[in-house]
Amino acid sequence: MGRAIAGLFCREGASVVIGGRDPDRGEETVRELSASGHRACFIQGDVGSEAVNRQIIDAAKEEFGGIDILVPCAGELGLGTITEIPPDDWRRVMDTNLNSVYYLLHAGIPELQQRERRAI
């Protein structure tokens with residue numbers, strides 16, 4: 001899902017920062033986008049972590065000069081019944097599917113607001 005979204009935004013002229021756990025998939029996506037003439041970078045880490053989301057925001061500022069849009073789109077399935085899913089797996093799913101949205105928006109919205117004020 002994230003790869004498709006990044007590709008769509010790039011085709012519309014955006015530069016993108018991609019975050020994720022798998023460095024091979026992330027770097028492959030960046031190579032594909034770059035080969036098509038797009039600008040992209042990858043931050044390796046668990047987006048269920050507040051620190052990784054901060055790194056994503058910092059990378060957007062450093063690599064591309066700021067942020068115009070935020071797209072929290074990470075997702076993970078927690079397969080099984082409530083009695084089958086271990087609590088640690090449940091926490092990981094909630095961190096990925098829910099907390100990552102908060103962390104990215106919490107770190108990114110102030111940057112969007114500053115950018116808007118500079119444009120006025």
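Taking 4.5 Å as the limit, every side-chain heavy atom of Val47 sits out of range of all side-chain heavy atoms of Tyr103. Between Val17 and Glu63 the shortest side-chain heavy-atom distance does not fall below 4.5 Å. A heavy-atom distance below 4.5 Å is not found between the side chains of Val93 and Leu77. Looking only at side-chain heavy atoms (C-beta outward), Tyr102 and Pro72 stay at 4.5 Å or farther from each other. The shortest distance between side-chain heavy atoms of Gln55 and Asp58 does not fall below 4.5 Å. By the 4.5 Å heavy-atom criterion applied to side chains, Ile57 and Leu104 are counted as neighbours. Using a 4.5 Å cut-off on side-chain heavy atoms (C-beta onward), Glu111 and Arg115 make no contact. Here the side chains of Glu27 and Gln44 are not in contact, with every heavy-atom distance at 4.5 Å or above.
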Trace of the side-chain hydrogen bond (donor to acceptor under 3.5 Å, both in side chains) decision for Arg21 with Thr96: CA-CA 11 Å; Arg21 292 185 194 112; Thr96 301; 2.7 Å; yes
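Within 6.0 Å of atom CZ in Arg3, more than 12 heavy atoms from other residues, nucleotides or ligands are found, so the atom counts as buried in its surroundings.
Looking at every heavy atom in both residues, Val30 comes nearest to Ala40 through CG1-O, 3.5 Å. Considering all non-hydrogen atoms of both residues, Ile67 and Leu112 come closest at O-CD2, 3.3 Å.
In summary, the side chains of Ser36 and Arg31 do not present any donor paired with an acceptor at a separation below 3.5 Å, with no hydrogens or angles considered.
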